[in-house]
Amino acid sequence: MSRLVIFTDLDGTLLDHHTYTAEPARPAWEAAEAAGVPCVFNTSKTRAEVEQLQEKLGLHEPFIVENGAAVWFPGDTELPLPPDARPTDGLYCKLLSIPRTEILEILAPLRHRFRFRGLSDMGVNELMERTGLERQQAILASQREFSEPLVWMDTEDALKECVEALDALNLRLVRGGRFHHVIGACDKGQAMSWLLAVYQNAFGDAITSMALGDSENDVDMLSASDIPFLVRSPVHAPPEIPDRPEVCITSHCGPEGWAEAVTSVLEQEGIGSL
Ligand SMILES: [Mg+2]
């Protein structure tokens, strides 16, 4: 028998793009959790943001932060941890990328070639203005450990050049909902696959993965999943998912769309009842 694990993006997917609420999706994730289906967050957000959100939503699962840069496990996890998982602040961290300090060092010379503004250039007030986050939320969002978000202020052609320059330095630039994110050689898809293997090991059964996302930075995760779902965005067209013509797109946006997708898959898989 195959076990289901759900991997989900947050901004614009589980969380409403404008209000950041997840509440319309609550019945769906509670049904999943009650049926033993883990809901794993796979996000460009920081550990500090995810910890607070998990507490608010009542979820207690491993999670993937900063576009696949690291996987965090709760301190009391029953999953088998890899030997290089580092105990940090009561959690365990499996690093899949490089620390932000290294990324900032590599980025420094590119400032002379391209016009962009990085998170490290912004104060909390500017971040609040750019994201619409409350102060406390903006402080958590600025606690980046493995990536640097950028506001691109140069041309589209320069952006392509910058992507190539970063590629040569073994860094990647991915487009999120509001920022471009400079990350190490990682992505949400690789991180999902890595964590799926951990679940596989623990469960001993075959795993079916469901993935939900709304943006370009979710494409790797959606491509690598068994059941990919695009959650409709109120602000941009859905990205193309190469070689996955069957990918479903929700009719609703954000958390309403999330609930619609998860409810249909739970029914399809004969799991729980809503
Ligand atoms: Mg998103």
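Each ligand, and each atom within it, is numbered from 1 in the order the structure gives.
- Taking the Mg ion (ligand 1) as reference, D9 places its N/O/S atom OD2 nearest.
- Distances from the Mg ion (ligand 1) show that D218 has no N/O/S atom below 2.8 Å.
- Residues meeting the ring-ring contact (aromatic ring centres under 6.0 Å, His included) test with Y199, sequence neighbours left out: F203.
- The N, O or S atom of D11 with the smallest distance to the Mg ion (ligand 1) is O.
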Give every donor-acceptor pair under 3.5 Å between a side-chain atom in residues 89-107 and any protein atom, sequence neighbours left out.
| from | atom 1 | to | atom 2 | distance (Å) |
| --- | --- | --- | --- | --- |
| D89 | OD2 | R47 | NH1 | 2.9 |
| D89 | OD2 | R47 | NH2 | 3.2 |
| K94 | NZ | D84 | OD1 | 3.3 |
| K94 | NZ | D84 | OD2 | 2.7 |
| S97 | OG | G184 | N | 3.4 |
| R100 | NE | S147 | O | 3.3 |
| R100 | NE | E148 | OE1 | 2.9 |
| R100 | NH2 | E148 | OE1 | 2.7 |

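- When the Mg ion (ligand 1) is compared with the N/O/S atoms of D214, atom OD1 turns out nearest.
- Between the E61 side chain and the F41 main chain, no donor and acceptor come within less than 3.5 Å of each other.
- Transitive grouping of hydrophobic side chains (ILVMFWY, heavy atoms separated by less than 4.5 Å) keeps V174 and W152 in distinct clusters.
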